[in-house]
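In what follows, a structure is listed as structure tokens, so that the remarks can point back to it.
Just so it is clear, the values below take in all heavy atoms, side chains as well, and ignore hydrogens, waters and symmetry mates. Every chain is numbered from 1, with letters handed out A, B, ... down the list of sequences.
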Protein chains: 2
Amino acid sequence: MPGVKSRREQYSEATRAALLETATTLFAERGFARTALEDVASATQVTRGAVYHHFASKRELFEAVLESLETEATRRIAEAAAGTDDAWDAAMIGLDAFLDQCCDPVYGRLCWQEGPVALGWDRWKECEEKYAYGLTSQFVTSLMDAGYIEQASPEITTRFVFALLGAIGSMLADAAEADKPRVREECATLARRLLTGLRPRPA
Amino acid sequence: MPGVKSRREQYSEATRAALLETATTLFAERGFARTALEDVASATQVTRGAVYHHFASKRELFEAVLESLETEATRRIAEAAAGTDDAWDAAMIGLDAFLDQCCDPVYGRLCWQEGPVALGWDRWKECEEKYAYGLTSQFVTSLMDAGYIEQASPEITTRFVFALLGAIGSMLADAAEADKPRVREECATLARRLLTGLRPRPA
DNA sequence: ATGGAAACATACACAGTGTATGTCGGTAGG
DNA sequence: CCTACCGACATACACTGTGTATGTTTCCAT
């Protein structure tokens with residue numbers, strides 16, 4: 001009977017999920033480099049053996065954490081913008097949803113600060129292709145197609161916009177909880193203004 | 001006689017400089033994490049003992065490398081923009097000088113890619129306060145003062161612009177040597193356009 | 001019940017950083 | 001001059017942390 005999990009499979013899956021969760025917490029609290037797998041294991045009440053059973057390496061564990069966070073985040077953002085036809089409006093709604101997302105300290109810290117540090121920029125971007133970077137790319141090309149921003153290399157434009165989003169993510173991740181609403185608003189208006197710079201000139 | 005160095009001091013300074021140079025090369029070639037101090041030492045024909053004599057830690061060695069690169073870079077950029085009175089023109093000249101700088105693969109790689117990875121984002125930004133970040137901040141505030149860009153939080157605006165510059169640095173560091181001129185130009189126009197988005201509205 | 005495989009634990013190899021100590025040549029004061 | 005010291009480095013070692021190889025137990029199928 002496919003779909004029915006044996007007890008052992010359930011246990012195994014639970015362990016894996018628990019590892020993922022403690023790893024998320026510890027990576028977010030202490031950062032990738034300052035978190036030893038021993039800590040992750042003991043906090044989950046298993047040994048490092050279990051960790052290496054479920055994940056090939058420390059890096060892969062982090063990637064799994066990242067993917068889990070990004071899957072949820074991109075889903076939310078895409079969902080928020082889904083109903084809107086106009087490309088510009090959709091992008092602005094997406095931006096708002098993204099800002100909301102970044103106010104979660106775990107997301108901001110792990111995806112935008114620890115991510116590139118832990119995996120190296122290349123590998124990180126490779127992972128992000130599927131998520132934030134990919135989504136950004138979609139928004140950018142749809143804005144370009146709709147004539148809302150000037151025709152230019154989509155790759156480079158995307159990287160610029162992505163960098164902006166990264167800056168926002170890092171800032172919100174850094175900001176004290178009390179400051180977040182203010183910072184959030186300033187980021188929103190600034191990002192909008194910068195993007196309007198890309199609009200085709202009326203001339 | 002102050003100012004005159006004893007022979008020992010000269011030797012010492014020379015080895016320190018040599019260490020700095022090989023470290024620069026190796027960090028740029030292999031990255032910070034994949035470069036062991038043993039490699040730096042042996043390539044300089046000394047032992048790790050010498051490295052630890054001159055630098056308190058691997059991190060400090062990297063910081064020294066970074067500072068050396070950034071000192072030179074910011075000097076060049078500031079110098080290029082020095083003669084120009086108009087804040088906008090000065091900023092554009094500075095941008096051009098920066099783009100030139102980033103075409104040096106060593107600078108781009110170490111300052112914009114390895115930097116945050118090696119030191120962690122916080123410490124990296126702390127270092128950059130004195131150099132690229134500080135210079136960016138100056139340009140931004142002078143643009144704001146001159147009314148070329150809208151009044152807004154200078155801190156946040158600076159971080160946005162800094163992120164843009166970082167994106168450029170990374171891209172040029174990544175780009176194949178043959179592509180650099182093209183990428184450079186596209187980056188330049190894109191950056192200019194984005195910045196114009198910050199100009200106060202005529203309305 | 002029993003062979004086998006999955007889910008872990010245990011133990012170990014190894015790389016790399018940092019530190020404590022040793023050595024040797026240069027330099028300064030008498 | 002010479003000698004006592006100090007700085008520049010070398011040597012050796014401790015410790016942390018990753019990854020791997022090998023056990024051990026538990027579950028499930030036959």
Which atom pairs link the protein and nucleotides 3-6 of chain D when you take only N or O atoms and keep those under 3.5 Å?
none

Ring geometry between B/F98 and B/W112 (parallel below 30°, tilted from 30 to 60°, perpendicular above 60°): perpendicular
Donor-acceptor contact present, side-chain B/S57 to main-chain B/E60, <3.5 Å: yes
Basic-acidic side-chain contact under 4.0 Å: A/E70, A/K130: no
Residues from residues 49-61 of chain B lying under 4.0 Å of DNA chain D - heavy atoms: B/G49, B/A50, B/H53, B/H54
Polar side-chain atom of B/S170 near backbone of B/A167 as donor-acceptor pair, under 3.5 Å: no
Qualifying residue for salt bridge (charged side-chain N to carboxylate O under 4.0 Å, His left out) with B/D39, from B/R34, B/R30, B/R48: B/R30
Backbone of B/G31 reached by a side-chain donor or acceptor of B/T35 within 3.5 Å: yes
NZ/NE/NH1/NH2 to OD/OE distance under 4.0 Å, A/R109 and A/E29: no
Nucleic acid contacts of residues 14-36 of chain B, taken as heavy-atom distances under 4.0 Å to DNA chain C: B/T35, B/A36
Any donor-acceptor pair under 3.5 Å from B/T141 side chain to B/S137 backbone: yes
Carboxylate-amine/guanidinium contact A/E128 A/K125, below 4.0 Å: no
Sugar-phosphate only, base, or nothing, as touched by B/T47 at under 4.0 Å among non-hydrogen atoms: base
Heavy-atom donor-acceptor pair, B/T24 side chain to B/L20 backbone, under 3.5 Å: yes
Lys/Arg-Asp/Glu bridge criterion (N-O < 4.0 Å) met for A/K180, A/E177: yes
Test item: A/R193 side-chain N/O and A/A188 main-chain N/O as donor-acceptor pair under 3.5 Å: no
Close side-chain approach of B/L194 and B/V161, heavy atoms under 4.5 Å: no
Span of DNA chain C, from the first to the last nucleotide whose atoms fall under 4.0 Å of chain B heavy atoms: C/dT17 to C/dT27
Whole-Å distance separating the CZ atom of B/R48 from the P atom of D/dA10: 11 Å
Residue pairs, two or more places apart or on separate chains, that pass ring pair (Phe, Tyr, Trp, His ring centres under 6.0 Å) and touch residues 20-47 of chain A: A/F27-A/F32, A/F27-A/F62, A/F32-A/F62
Strand contacts (DNA chain C) in residues 116-127 of chain B, 4.0 angstrom heavy-atom criterion: none
Note, A/Q101 side chain near A/E72 side chain (heavy atom, < 4.5 Å): no
